[in-house]
Amino acid sequence: MAEGHCSARNLVGSYLLRIGNLDATGPSLRSVLVTNPDAFAIAAVLDAERAAGRFRGPLHGIPVLLKDNIGTADQMPTTAGSLALEGVIAPADAFIVRRLREAGAIILGKTNLSEWANFRSTNSSSGWSGVGGQTLNPYVLDRSPCGSSAGTGTAIAASLATVGVGTETDGSVVCPSSATGLVGIKPTVGLVSRSGIVPLSHSQDTAGPMARTVADAAVLLTVMAGLDPADSATSAAIGHIEADYTIFLEADALRGARIGVLHASHFGRSPDADRLTNEAAAVMRSAGAVFVDSLALSEGYDDDEFNVLLYDFKADLDAYLGAHPNSQVRSLADVITFNVANADVSMPWFGQEILEMAQAKGPLTDPEYTAALDRSRRLARASIDSLMDAHNLDALLAPTGSPAWNIDLVNGDHFVTGSSQAAAVSGYPSITVPAGFAHGLPVGISFIGRQWSEPVLIRLAYAYEQASQRREPPRFLPTLPVNEE
């Protein structure tokens, strides 16, 4: 673009053509819910600015796709995948959307997601929403894209935009990134604002970059990170926000790095994930990394975490909907009532048990909530910090997840393994990077670190990526062969 070989208008046109050929028809990935009718006009303005010597920032003229729980005050609705919000326009851009636009990004469209960020049913299918139906995995179409940022993962893996933005409460950036062969950054909670994003939990929510390379993810994080007076969690990031995360893209960063492998707590559930993580560690050893093996994170706080999320979801969604000028549903109770009244289209495959459990919770002053929040966060942080202190580590390493399972709308997801919980509950950062393939399905590895350690993790992830080069584009296979000779 800088050399004049490509314009923003041409780029937008190419991506929209690809969305039409791959997402709406062809393999019918169902990853993009809506495209921006103003995209060409915005691109023309940005092309004119570039020609005149005005450069807004590192995303000038770059098309970006957003998960459809991120508010945009334009012609595109913000639905969280729920028919209760179908057609509802956000009253203002989310803080991160304003930053993206200021940096020159073109918001190309909104992506499908697991409805209500996969916090609706105990029997849900990742990547399904009432608004968008079931998103497919572009590597093998009958396999899960994981959730809840499934649409963003599939779309960016299939090159339907340059980069995308997902959100994570526990695993919803890193799992779909792993399942679709992407780099995904789950930042420290507070590094990236949540204002204007449909909430699940103020305790754990964060938006994060999803990209085909570490370099692209670092550019996107540079733009997204920032202090927002409307999100008090960002005040803790003062002194921790880097002006440019791309300065940490160091190909030799593995030399002398100390990495702890979570063999004792995160291996033994998926042989393919174990094998690829061990192969990744071997690549890093060859590049000079020092490993401490057979470590374990304690993650025995599932009940506490789930309790916290139930309380948070009710309080946070009631506040979001109650202040929304364009929404007909004003509370979680209204959403539940809407789903019951429209069960044939809202709940054709699975119910809303989690919504009902959340509605039964009391206020955030309940002793049950405050005790669970304190206990789970304290244990998660101590688990990471104590391991890293004891062994003088730069990061922890684990499989992000297993190869993707078959999509099953009747019985729901079949999770085998994952390593997102400790970083999610503690609010600490993690980065997943492609580690290779098992039977044609991508698998990622996760670097997990201390609070505000994004620079360290980006260094390690980039150096591993450059040494391994394990990502390959998707082939849109209908299914895996079962009668191989």
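For the salt bridge (Lys or Arg N to Asp or Glu O under 4.0 Å) condition, no pair includes a residue of residues 400-417, sequence neighbours left out. For residues 216-236, the pairs satisfying salt bridge (Lys or Arg N to Asp or Glu O under 4.0 Å) are R194-D231, with sequence neighbours left out. The ring-ring contact (aromatic ring centres under 6.0 Å, His included) contacts involving residues 210-245 comprise H240-W452, where partners must be two or more places apart or lie in separate chains. For residues 367-380, every residue pair satisfying the salt bridge (Lys or Arg N to Asp or Glu O under 4.0 Å) rule, not counting sequence neighbours, is listed here: D304-R375, K361-E368, D374-R378. Legend: ring-ring contact (aromatic ring centres under 6.0 Å, His included) pairs involving residues 316-336, not counting sequence neighbours, sorted by first then second residue: Y320-H324. For residues 106-129, the pairs satisfying salt bridge (Lys or Arg N to Asp or Glu O under 4.0 Å) are D68-K110, E115-R120, with sequence neighbours left out.
Heavy atoms only, all atoms of each residue included: A438 and L276 are closest at N-CD1, 4.4 Å. Contact record, S203 with Y369: OG-OH, 3.5 Å, taken as the closest heavy-atom pair. Between R212 and T162, the closest heavy-atom pair is NH2-O, 3.5 Å. Nearest heavy-atom pair across G81 and L113 is N-CD2, 3.6 Å. Annotation for L332 and L355: closest pair CD2-O, 3.8 Å, computed over non-hydrogen atoms. Here the closest heavy-atom approach between residue I445 and residue Y464 is recorded as CD1-CE2, 3.7 Å.
Judged purely by atom type and a 3.5 angstrom limit, T234 has no side-chain atom pairing as donor or acceptor with the backbone of G190. K186 places a side-chain N or O within 3.5 Å of a backbone atom of A423 that can act as its donor or acceptor partner. Listed for the D274 side chain is no donor-acceptor partner under 3.5 Å among the backbone atoms of F267. A side-chain donor-acceptor contact under 3.5 Å links Q352 to the backbone of I336. Although no hydrogens or angles enter the test, the distance criterion places a donor-acceptor pair under 3.5 Å between the side chain of R470 and the main chain of A435.
Counting heavy atoms from C-beta on, the side chains of F447 and L396 never come closer than 4.5 Å. Residues P176 and P145 have side chains not in contact (no heavy-atom distance under 4.5 Å, counting atoms from C-beta outward). Considering only heavy atoms from C-beta on, S270 comes within 4.5 Å of P403 through its side chain. Residues V223 and P58 meet the side-chain proximity criterion, which asks for heavy atoms closer than 4.5 Å. Inter-residue side-chain proximity for V410 and W349 is flagged as met; some heavy-atom pair is nearer than 4.5 Å. Taking 4.5 Å as the limit, every side-chain heavy atom of L310 sits out of range of all side-chain heavy atoms of K314. Residues R30 and L136 fail the side-chain proximity criterion, which asks for heavy atoms closer than 4.5 Å. Residues V198 and W116 form a side-chain contact, since some pair of their non-hydrogen atoms from C-beta on lies under 4.5 Å apart.
A donor-acceptor contact under 3.5 angstrom links the side chains of T188 and E454, judged on distance only. Counting only N and O atoms by type, the side chains of T169 and D205 include a donor and acceptor under 3.5 Å apart. If you check the side chains of S31 and T154, you find no donor sitting under 3.5 Å from an acceptor. A donor and an acceptor atom, one from each side chain of D74 and T72, are located under 3.5 Å apart. Of the N and O atoms on the side chains of Y428 and S453, not one donor lies less than 3.5 Å from an acceptor on the other residue. In this model, no donor atom of one side chain and acceptor atom of the other lie less than 3.5 Å apart for S172 and N118.
One finds the CD1 atom of I62 at 7.5 Å from the CD1 atom of I106 (value rounded to the nearest 0.5 Å). Summarising the geometry, atom CG belonging to L441 is positioned 9.0 Å from atom CG belonging to D272; distances are rounded to the nearest 0.5 Å. Note that the OG1 atom of T78 and the CG atom of L66 stand 8.5 Å from one another [nearest 0.5 Å]. Here the straight-line distance linking atom OG1 of T206 with atom CD1 of I197 works out to 7.5 Å at 0.5 Å rounding. Remark: L387 CG to R450 CZ distance equals 10.0 Å, nearest 0.5 Å. In this structure, CG in L373 is found 10.0 Å from CG in L309, a value given to the nearest 0.5 Å.
Applying the ring pair (Phe, Tyr, Trp, His ring centres under 6.0 Å) test to F313 and every residue at least two apart in sequence or in another chain returns F119. Remark: T111 engages T152 in a side chain to side chain donor-acceptor pair (under 3.5 Å) (not counting sequence neighbours). Judged as a side chain to side chain contact (heavy atoms under 4.5 Å, CB included), and not counting sequence neighbours, the contacts of S419 are H266, A398, S446. Qualifying side chain to side chain contact (heavy atoms under 4.5 Å, CB included) partners for T122, counting only residues two or more places apart in sequence or in other chains: E353, I354, M357. In this structure A84 satisfies the side chain to side chain contact (heavy atoms under 4.5 Å, CB included) test together with S82, V329, F338, sequence neighbours excluded. Residues satisfying the side chain to side chain contact (heavy atoms under 4.5 Å, CB included) test with S265, not counting sequence neighbours, are L262, A296, L297.
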Worksheet item: Between T246 and D244, is a side chain to side chain donor-acceptor pair (under 3.5 Å) present by the stated rule, with each step listed?
Response: CA-CA 5 Å; T246 65; D244 183 1; 2.6 Å; yes
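Taking a 6.0 Å sphere around CG of D344, one finds it holds more than 12 heavy atoms contributed by other residues, nucleotides or ligands.
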